[in-house]
Student: 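The structure is given below, and queries will be raised subsequently.
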Amino acid sequence: MGDKDLMDQEEIYSKVLRAGRRTYFFDVRSTKAGDYYLTITESKKFTHDDGSFHYKKHKIYLYKEDFASFREIMEEMMDYIIDEKGHEVISERHQKDFKKEEEEDTNAKKDDDTSTGNFTDVDFDDI
């Protein structure tokens with residue numbers, strides 16, 4: 001079985017959350033034994049002075065036996081933050097990240113309109 005076949009076999013269900021310069025990928029995957037587990041990947045875009053960019057990725061593997069405890073602690077932590085800081089409060093630093101990403105997206109769209117480059121805008125939901 002080729003690498004692509006193995007990858008197709010492993011990916012079961014996916015969702016994407018775009019959040020400024022960060023994107024979160026939630027993927028249900030299958031073990032060789034046919035059991036399911038969850039991967040959560042944070043991908044953060046970093047732009048260099050010359051306009052080029054790269055992504056840093058961090059991944060968490062979460063297995064079924066840990067779901068209940070993980071959910072309990074995650075909800076406790078999120079409730080704590082909301083109780084302490086409210087729903088809509090975003091730090092000044094993170095507001096800049098969101099604005100910067102929006103500007104980059106706008107500039108990229110302008111460039112796409114006038115560009116004859118070989119790049120295609122692919123939405124992961126379309127795959």
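Just so you know, these numbers come straight off a predicted model, no measurement behind them.
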Student: If every non-hydrogen atom of Y36 is compared with every non-hydrogen atom of K64, which pair is closest and at what distance?
Tutor: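 That closest heavy-atom pairing would be O-CG, 3.7 Å.
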Student: Locate the shortest heavy-atom distance separating K59 from Y61; write the atom from each residue and the value.
Tutor: CD-OH, 3.3 Å
Student: I need the I73 CD1 to M78 CE distance, nearest 0.5 Å.
Tutor: 12.0 Å
Student: Is there a side chain to side chain contact (heavy atoms under 4.5 Å, CB included) between H54 and K45 once you walk through the steps?
Tutor: CA-CA 6 Å; H54 72 280; K45 183 177 183 180; over 6 Å; no
Student: With clusters defined by side-chain heavy atoms of hydrophobic residues (ILVMFWY) lying less than 4.5 Å apart, directly or transitively, does M74 cluster with I82?
Tutor: no
Student: Can you name the closest pair of heavy atoms from Y24 and A19 and give their distance?
Tutor: CE1-CB, 4.1 Å
Student: What is the distance from atom CD of E42 to atom NZ of K56, rounded to the nearest 0.5 Å?
Tutor: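 It is 10.5 Å, given to the nearest 0.5 Å.
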Student: Counting C-beta onward and ignoring hydrogens, is there a side-chain heavy-atom pair between F25 and S43 closer than 4.5 Å?
Tutor: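 With C-beta onward as the side chain, the pair touches.
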Student: With rounding to the nearest 0.5 angstrom, report the CZ to NZ distance, R22 to K57.
Tutor: 16.0 Å
Student: For the side chain of D50 and the backbone of S52, is there at least one donor-acceptor N/O pair under 3.5 Å apart?
Tutor: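 Here the side-chain-to-backbone pair exists.
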Student: Between Y13 and R29, is a side chain to side chain contact (heavy atoms under 4.5 Å, CB included) present by the stated rule, with each step listed?
Tutor: CA-CA 7 Å; Y13 184 70; R29 297 187 175 267; over 6 Å; no
Student: Determine yes or no for a side-chain-to-main-chain donor-acceptor pair under 3.5 angstrom, with T31 supplying the side chain and D35 the backbone.
Tutor: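 Yes, because the side chain of T31 sits within donor-acceptor range (under 3.5 Å) of the backbone of D35.
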Student: Tell me the closest heavy-atom pair linking L62 and F67, and the distance in Å.
Tutor: O-CE1, 3.6 Å
Student: Decide whether a cation-pi geometry holds between K15 and F26; the criteria are a distance under 6.0 Å from NZ or CZ to the six-membered ring centre and an angle within 45° of the ring axis.
Tutor: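 Not satisfied by the 6.0 Å and 45° rule.
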Student: With clusters defined by side-chain heavy atoms of hydrophobic residues (ILVMFWY) lying less than 4.5 Å apart, directly or transitively, does L17 cluster with F70?
Tutor: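 Yes, F70 and L17 fall within the same hydrophobic cluster.
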Student: Report yes if some heavy atom in the side chain of I60 is under 4.5 Å from a heavy atom in the side chain of T39; otherwise report no.
Tutor: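 No, their side chains stay 4.5 Å or more apart.
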Student: Which distance, rounded to the nearest 0.5 Å, do you find between the NE2 of H58 and the NZ of K44?
Tutor: 9.5 Å
